[in-house]
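When reading the values below, keep in mind they use all heavy atoms of this one structure, side chains included, and skip hydrogens, waters and symmetry mates. When a residue number appears, it is its place in the shown sequence, counting from 1.
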Amino acid sequence: INSGRRSLVDGDMTEAGRIAGTALTLVLINCGLLACIAIGFGDRFISTLGFGEEVHGLLLPLGIAIVFGAVSGAFWEGLSFLCDRFDAYVRVCMAAAVPDMLFIAAGAWMFGLRGAIFALPLGPLTMFLAYAIWLGRDSRVKAVIANLSIGLAKVPRLLSFSVTVLTAV
């Protein structure tokens, strides 16, 4: 999404929205692929790791947590950087960290490992909602979101940017 910065600065919200929309689409496709793999091979894969019935049914909350975390981290966080809303990024991270810890701790305290894992989606959901609240009021963010679209020509550039960021970590 940050690769759309030049378009945003130039006032080309259509192009900035196309880059953001394409990035969001790639994230959602990855989430869909992960869901298909989990549905098709999840229980079998977990059983090969030596876990048995104690982890049955725990893939769903993990998957939900991953989807909310991926959309929050890749889309909303990208929009905060794209639109110079570093303040929103910091506020959201602070606002989401404490509830995330409390949800997981409460789940673990009341129900053990299963409770902690079932509580996992609540933290990323909190982050998603906090981003929507803080960034949803920004006029530039609204303009980018209003222009979300998919540009297949943007996919190679976005993938190369993603690989660059991934290898830098």
Side-chain angles (χ1 to χ4, degrees), residues 1-8 12-46 55 57-86 88-93 95-97 99-100 103-104 117-169:
I1 292 175
N2 292 330
S3 62
R5 179 81 181 127
R6 171 65 23 216
S7 302
L8 183 97
D12 186 357
M13 295 303 177
T14 302
E15 183 65 12
R18 185 175 296 117
I19 292 169
T22 305
L24 177 60
T25 301
L26 291 174
V27 168
L28 293 176
I29 287 171
N30 284 335
C31 289
L33 290 172
L34 179 64
C36 290
I37 291 168
I39 290 168
F41 304 104
D43 286 336
R44 226 173 313 148
F45 176 71
I46 288 178
V55 296
L58 297 181
L59 283 178
L60 180 62
L62 288 173
I64 293 169
I66 289 169
V67 169
F68 280 124
V71 173
S72 294
F75 180 69
W76 284 115
E77 185 176 308
L79 283 178
S80 71
F81 292 137
L82 175 68
C83 297
D84 290 329
R85 289 301 312 271
F86 306 107
Y89 167 75
V90 172
R91 286 182 181 135
V92 166
C93 288
D100 188 28
F103 290 139
I104 293 170
I117 291 178
F118 272 95
L120 279 176
L122 298 175
L125 173 62
T126 302
M127 180 177 272
F128 181 90
L129 294 173
Y131 267 124
I133 291 167
W134 264 300
L135 292 178
R137 299 178 295 197
D138 186 275
S139 61
R140 290 170 297 178
V141 172
K142 285 180 184 179
V144 171
I145 290 174
N147 286 286
L148 288 179
S149 63
I150 301 170
L152 293 179
K154 303 293 177 197
V155 171
R157 187 169 137 209
L158 288 171
L159 290 178
S160 67
F161 179 77
S162 297
V163 168
T164 301
V165 170
L166 183 63
T167 56
V169 176

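- To the nearest 0.5 angstrom, Ile104 atom CD1 is 14.0 Å from Phe118 atom CZ.
- The distance from atom CG of Leu125 to atom CG of Leu129, rounded to the nearest 0.5 Å, is 4.5 Å.
- For Ser72 (side chain) and Gly69 (main-chain N/O), no donor-acceptor pair under 3.5 Å exists by modelled atom type.
- When all heavy atoms of Ala70 and Cys31 are compared, the closest pair comes out as CB-SG, 4.0 Å.
- One finds the CD1 atom of Ile117 at 12.0 Å from the CG atom of Leu60 (value rounded to the nearest 0.5 Å).
- For the atom pair CZ (Arg91) and OH (Tyr131), the distance works out to 12.5 Å, reported to the nearest 0.5 Å.
- Across all non-hydrogen atoms, the minimal contact from Pro121 to Pro61 is CG-O, 3.2 Å.
- Although no hydrogens or angles enter the test, the distance criterion places no donor-acceptor pair under 3.5 Å between the side chain of Thr22 and the main chain of Val155.
- A pairwise comparison of heavy atoms in Trp134 and Arg85 identifies O-NH1, 3.8 Å as the closest pair.
- A distance of 8.5 Å separates CG in Leu82 from CD1 in Ile19, rounded to the nearest 0.5 Å.
- Going from atom OH of Tyr89 over to atom CG of Leu79 covers 14.0 Å, rounded to the nearest 0.5 Å.
- Side-chain contact check for Arg18 versus Ile150: every heavy-atom pair is 4.5 Å or farther apart.
- Between Thr126 and Ala95, the shortest heavy-atom distance links the atoms CG2-O, 4.2 Å.
- Shortest non-hydrogen contact noted between Pro124 and Asp100 is CD-OD1, 4.4 Å.
- Of the residues listed (Ile64, Val71, Ile66), the one engaging Phe68 in a side chain to side chain contact (heavy atoms under 4.5 Å, CB included) is Ile64, and it is the only one.
- A donor-acceptor contact shorter than 3.5 Å links the side chain of Arg140 to the backbone of Cys83.
- Contact detail for Trp76 and Leu135: the closest heavy-atom pair is O-CD1, 3.4 Å.
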